[in-house]
There are 2 protein chains.
Amino acid sequence: MDHDEAALRVLDAADALFYERGVQAVGMDAIRAASGVPFKRLYRCYPSKEHLVAEYLRRRDRRWRRRMADFVDERTDPAERVLAVFDWLGRWFAEPGFRGCAFVNSFGEFGTPSVVADIAREHKDALRHYLDGLVACLPVDARLAEELLLLIDGAIVSASIMRNPNAADSARAAASALLVARTARSTAP
Amino acid sequence: MDHDEAALRVLDAADALFYERGVQAVGMDAIRAASGVPFKRLYRCYPSKEHLVAEYLRRRDRRWRRRMADFVDERTDPAERVLAVFDWLGRWFAEPGFRGCAFVNSFGEFGTPSVVADIAREHKDALRHYLDGLVACLPVDARLAEELLLLIDGAIVSASIMRNPNAADSARAAASALLVARTARSTAP
DNA sequence: GGGCAACGAGAACGATCGTTCTCTACGGTA
DNA sequence: TACCGTAGAGAACGATCGTTCTCGTTGCCC
């Protein structure tokens with residue numbers, strides 16, 4: 001087992017444990033036990049728990065956005081692509097072990113300012129820019145992207161805290177209505 | 001200083017510290033120091049930290065919903081009352097020390113199932129029922145209350161994590177558009 | 001005024017945290 | 001085969017946590 005594989009095993013173990021139980025509730029010893037990587041090696045891969053937490057969040061960000069984008073890319077119609085975001089959320093919410101947004105959850109654990117708060121913000125900014133791109137393909141008001149972001153984050157909160165599996169459907173219906181409301185009616189005088 | 005006043009001082013200190021820094025990051029000694037109530041008395045008021053955390057959240061729930069309702073009650077027009085929710089959010093976001101939803105933040109710190117998760121859920125359920133009441137005064141589709149809830153939680157997340165002070169305005173605009181979209185048009189044939 | 005119950009201040013306790021150190025075993029090279 | 005740098009396993013360390021205990025003092029009732 002070389003350095004990279006050890007680092008990957010540690011990150012996989014940390015990812016599962018941090019997401020399931022929260023960052024502060026998981027000790028480094030639990031990560032060592034789950035990964036099978038001894039302390040000495042573990043600390044050579046990640047010099048501190050804070051480094052590991054940062055990598056955990058950054059990888060979650062990349063993976064989460066890639067999975068969403070891959071799902072959306074199965075559509076070509078611009079309006080369908082926007083609504084596909086919410087279809088994907090519905091699938092995500094239904095996954096076993098779903099426990100909300102890792103970034104929102106971690107943000108709650110650490111005061112601001114903190115590196116965790118910065119990464120959470122970067123994640124939401126990246127999502128916002130992705131939505132900008134989706135919306136730019138439509139003849140709609142620029143406000144729509146921001147409103148979609150609100151619906152997404154609201155749905156994640158509802159699905160995790162209220163355990164409401166229909167949150168994605170509700171958000172999708174609202175997004176659909178807003179899509180119509182924000183569309184410039186070219187038939188207007 | 002009698003029992004009730006000591007309990008109140010402890011709860012006030014815990015409220016400020018828990019909200020600002022997160023629950024797990026605040027030790028009981030910090031609460032003792034900030035409240036001026038010695039350990040022996042503190043533990044007679046709240047038998048454990050978990051009890052104190054539960055009281056902190058339950059009081060936050062009551063106070064938050066009362067403040068919102070008081071603001072809304074300054075209006076009489078049903079539609080204005082719905083939109084006033086978002087005006088109040090805007091004021092809340094602008095308060096110094098605003099750091100998001102205490103229930104969402106605490107939910108992230110503790111795994112589910114937990115008493116904290118239960119209280120967070122109760123809080124969101126209560127908000128949902130309040131919105132049901134506001135919407136019931138309007139000739140609108142029943143879906144609107146759920147969609148308003150998504151916008152509210154989304155706005156809180158945006159305002160706290162992205163530090164977006166306009167989140168309340170965006171949510172209000174979206175709510176206004178949805179209000180129109182969900183209104184049964186009595187003039188239709 | 002004397003005895004007693006309750007109090008405040010803070011030390012103490014056991015547990016657990018993140019991190020480092022020790023010690024033993026081993027593998028490659030002359 | 002003798003040597004040496006590195007690895008793994010886990011004890012150890014200092015800090016901090018939630019909680020309890022000690023102890024000197026105070027105030028109240030008879």
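Chain letters run A, B, ... following the sequence lines, proteins first and then strands; every chain starts at 1.
Between B/Asn166 and A/Glu146, the side chains place no donor N or O within less than 3.5 Å of an acceptor N or O (distance only, hydrogens not considered). In this structure, a donor-acceptor pair under 3.5 Å is absent between the side chains of A/Asn105 and B/Glu109.
For a distance-only test at 3.5 Å, the side chain of B/Lys40 qualifies as a donor-acceptor partner of the base of C/dG8.
The interatomic distance linking B/Leu42 (CG) with C/dG10 (P) rounds to 15 Å, in whole Å. Look at CZ on A/Arg41: it is 19 Å from C1' on C/dC21, rounded to the nearest Å. When rounded to the nearest whole Å, the span between OH of B/Tyr46 and P of D/dT19 equals 14 Å. Residue A/Leu52 contributes atom CG, which lies 15 Å from atom P of C/dC17 at whole-angstrom precision. Going from atom CZ of A/Arg32 over to atom P of C/dT16 covers 15 Å, rounded to whole Å. Summarising the geometry, the separation between CD1 on B/Ile31 and C1' on D/dC17 is reported as 12 Å, rounded to the nearest angstrom. Rounded to whole angstrom, the span from the CE atom of B/Met28 across to the C1' atom of C/dG14 amounts to 17 Å. Rounded to an integer number of Å, the gap from A/Asp29 CG to D/dC13 P is 17 Å.
Relative to the ring axis of B/Tyr46, B/Arg44 does not place its NZ or CZ within 45° and under 6.0 Å from the centre. Taking the ring axis of A/Tyr130 as reference, the NZ or CZ atom of A/Arg65 does not stay both within 45° of it and closer than 6.0 Å to the ring centre.
Take the nearest nucleotide of DNA chain D for A/Pro38 and for B/Lys49: the residue whose nucleotide is more 5' is A/Pro38.
Within the nucleic acid shown, B/Arg44 comes within 4.0 Å of sugar-phosphate atoms alone, with no base atom in reach, counting heavy atoms only. Using a 4.0 Å heavy-atom distance criterion, A/Val37 is classed as making no nucleic acid contact.
In this structure, B/Tyr19 contributes its side chain and B/Gly100 its backbone to a donor-acceptor pair below 3.5 Å.
In this structure, the nucleotide among D/dT20, D/dA7, D/dG10 sitting nearest to the side chain of B/Phe39 is D/dT20. Residue B/Tyr43 places its side chain closer to D/dT19 than to any other of C/dT19, C/dC7, D/dT19.
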